[in-house]
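Computed from a prediction, not measured in an experiment: that's the story for all the values here. Residue numbers run from 1 in the order of the sequence given.
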Amino acid sequence: MLVTATDGDAGWAPAELMESGRLGQVRLAELRRSAAALGAADVIPLLYADSGHLGEVPPDPPGRRRFVRVPVAEVAERVAEIVRRERADVLLGYDRNGGYGHRDHVHVHHIARAVAAATDVQLLEATAPRERILRVLRWVSRVRTLPNDFAIEEWTQAFSPLQEITHRIDVRAQLPAKRAAMLAHASQADGSPPRTLGFILGLPRPLYRLAFGTEHFLDPTCSPRSGRERLHRDMLDGVQGTDG
């Protein structure tokens, strides 16, 4: 089950799509295809308006509110209702930096924390080891031109330090599904020069496997070491957990 806060209609896309007024519809359709590739049972859109990544938050569109303007408690109540209805065991949110720093992702972080506090669900916060991302970016920048939206200095505060990460999962066997899910978001990959997603999908397969064959999470209730052990033992039975 995938719950999405917005339709992404304030994000970048090719000019003709942004000017068409259909970007939100296209993004939601892409998300449904992406979720299907991953085997998600359903997509539940909360239908708040995208707050945009940079600059001032745009005015609210008619009949809708920008997501960051919606109180945490209000959204958390809606998500908690879904968690209870679906009898969910695990809720995935974002780390405190919202991954790469998008303000809507940071808002999701606070909402997921509130949902976990109000229910019995186990919260895991999706993240990545900041130090490794920076090493890869610096290496790649020496041999290839990075996308315009991939300034290395912006990633020095993105995601999480390695020492804070509690869970690491080997997903190499799931990479075909993961890649298919990324490919479904075509409106975020098109462009010249390529945007971040297009750049990622253009990586050589061995480098793609190295970069995306492991997924990282934070359990805010436990230390890094106990988190790795707990994950392997209790939470994701049948999914291999790795140490380190």
Side-chain angles (χ1 to χ4, degrees), residues 1-54 57-58 60-68 70 75 78-79 82 86 88 91-95 98-109 111-112 125-128 146-150 158-159 171 174-203 205 208-209 211-213 215:
M1 187 69 65
L2 176 62
V3 180
T4 182
T6 82
D7 58 11
D9 64 347
W12 181 93
E16 61 273 15
L17 182 54
M18 296 184 72
E19 294 166 1
S20 71
R22 297 179 52 253
L23 180 57
Q25 294 174 280
V26 170
R27 287 274 164 87
L28 277 178
E30 291 175 343
L31 180 63
R32 292 186 185 280
R33 290 193 291 271
S34 179
L38 294 173
D42 197 7
V43 174
I44 301 177
L46 301 182
L47 297 178
Y48 298 110
D50 189 340
S51 308
H53 178 31
L54 300 173
V57 178
D60 291 346
R64 302 172 70 197
R65 287 175 292 172
R66 299 290 174 189
F67 183 51
V68 294
V70 184
V75 187
R78 293 183 66 185
V79 177
I82 296 168
E86 299 297 327
L91 173 67
L92 300 184
Y94 284 110
D95 64 15
Y100 62 87
H102 195 295
R103 53 190 159 216
D104 281 343
H105 296 183
V106 175
H107 204 44
V108 166
H109 163 78
I111 290 162
E125 297 175 342
T127 190
L146 293 174
N148 291 339
D149 58 343
F150 226 115
F159 294 97
V171 296
Q174 287 75 42
L175 276 181
K178 189 171 183 175
R179 186 175 179 84
M182 289 183 176
L183 284 165
H185 293 281
S187 70
Q188 299 187 51
D190 293 342
S192 180
R195 304 290 291 182
T196 298
L197 182 57
F199 177 81
I200 288 170
L201 291 169
L203 290 174
R205 290 302 177 101
Y208 180 89
R209 182 180 177 86
F212 296 100
E215 296 192 352

List for me each residue that meets side-chain contact (heavy atoms from CB on, under 4.5 Å) alongside [X], sequence neighbours excluded, and say none if there are none.
X: A128; answer: I133, F159
X: A126; answer: F217
X: V106; answer: H110

Query raised in the report: Stepwise, does the side-chain contact (heavy atoms from CB on, under 4.5 Å) test hold for D7 with R64?
Result: CA-CA 12 Å; D7 58 11; R64 302 172 70 197; 3.5 Å; yes
Query - Donor-acceptor pair, side chain of R103 and main chain of G52, under 3.5 angstrom - result: yes
Between [atom1] of [X] and [atom2] of [Y], what distance do you get to the nearest 0.5 Å?
X: Q188; Y: I200; atom1: CD; atom2: CD1; value: 10.5 Å
X: M1; Y: I82; atom1: CE; atom2: CD1; value: 8.0 Å
X: D104; Y: R66; atom1: CG; atom2: CZ; value: 9.5 Å
X: L92; Y: E125; atom1: CG; atom2: CD; value: 10.0 Å
X: D9; Y: L23; atom1: CG; atom2: CG; value: 6.5 Å

Requested in this report: If a pair satisfies salt bridge (charged side-chain N to carboxylate O under 4.0 Å, His left out) and one of its residues is in residues 38-52, list it, with sequence neighbours excluded.
Outcome: none
Show the nearest heavy-atom pair for residues [X] and [Y], with the distance to one decimal.
X: H107; Y: V70; answer: NE2-O, 2.8 Å
X: Y94; Y: H109; answer: O-ND1, 2.9 Å
X: R179; Y: L201; answer: NH2-O, 2.8 Å
X: L38; Y: A177; answer: CD2-O, 3.9 Å
X: R78; Y: L46; answer: NH1-O, 3.4 Å
X: A181; Y: A37; answer: N-CB, 3.9 Å

Report summary line: side-chain hydrogen bond (donor to acceptor under 3.5 Å, both in side chains) filter on T127, not counting sequence neighbours, yields D95, S160
**Report entry** All side-chain hydrogen bond (donor to acceptor under 3.5 Å, both in side chains) counterparts of R209, not counting sequence neighbours
**Finding:** none
Could you tabulate the donor-acceptor pairs under 3.5 Å formed by side-chain atoms of residues 25-32, not counting sequence neighbours?
unit_1 : atom_1 : unit_2 : atom_2 : d
R27    : NE     : S187   : OG     : 2.7
R27    : NH1    : G8     : O      : 2.9
R27    : NH2    : W12    : O      : 2.5
E30    : OE1    : S187   : OG     : 2.8
E30    : OE2    : A186   : N      : 3.4
E30    : OE2    : S187   : N      : 2.8
E30    : OE2    : S187   : OG     : 3.3

Requested in this report: Any ring pair (Phe, Tyr, Trp, His ring centres under 6.0 Å) involving residues 32-54? Give me the pairs, sequence neighbours left out, ordered by first then second residue.
Outcome: Y48-F67, H53-Y100, H53-H102
Query - Any residue meeting salt bridge (charged side-chain N to carboxylate O under 4.0 Å, His left out) with D60, in chain and number order, not counting sequence neighbours - result: R69
Query - Test salt bridge (charged side-chain N to carboxylate O under 4.0 Å, His left out) applied to R65 - qualifying residues, sequence neighbours left out - result: E74
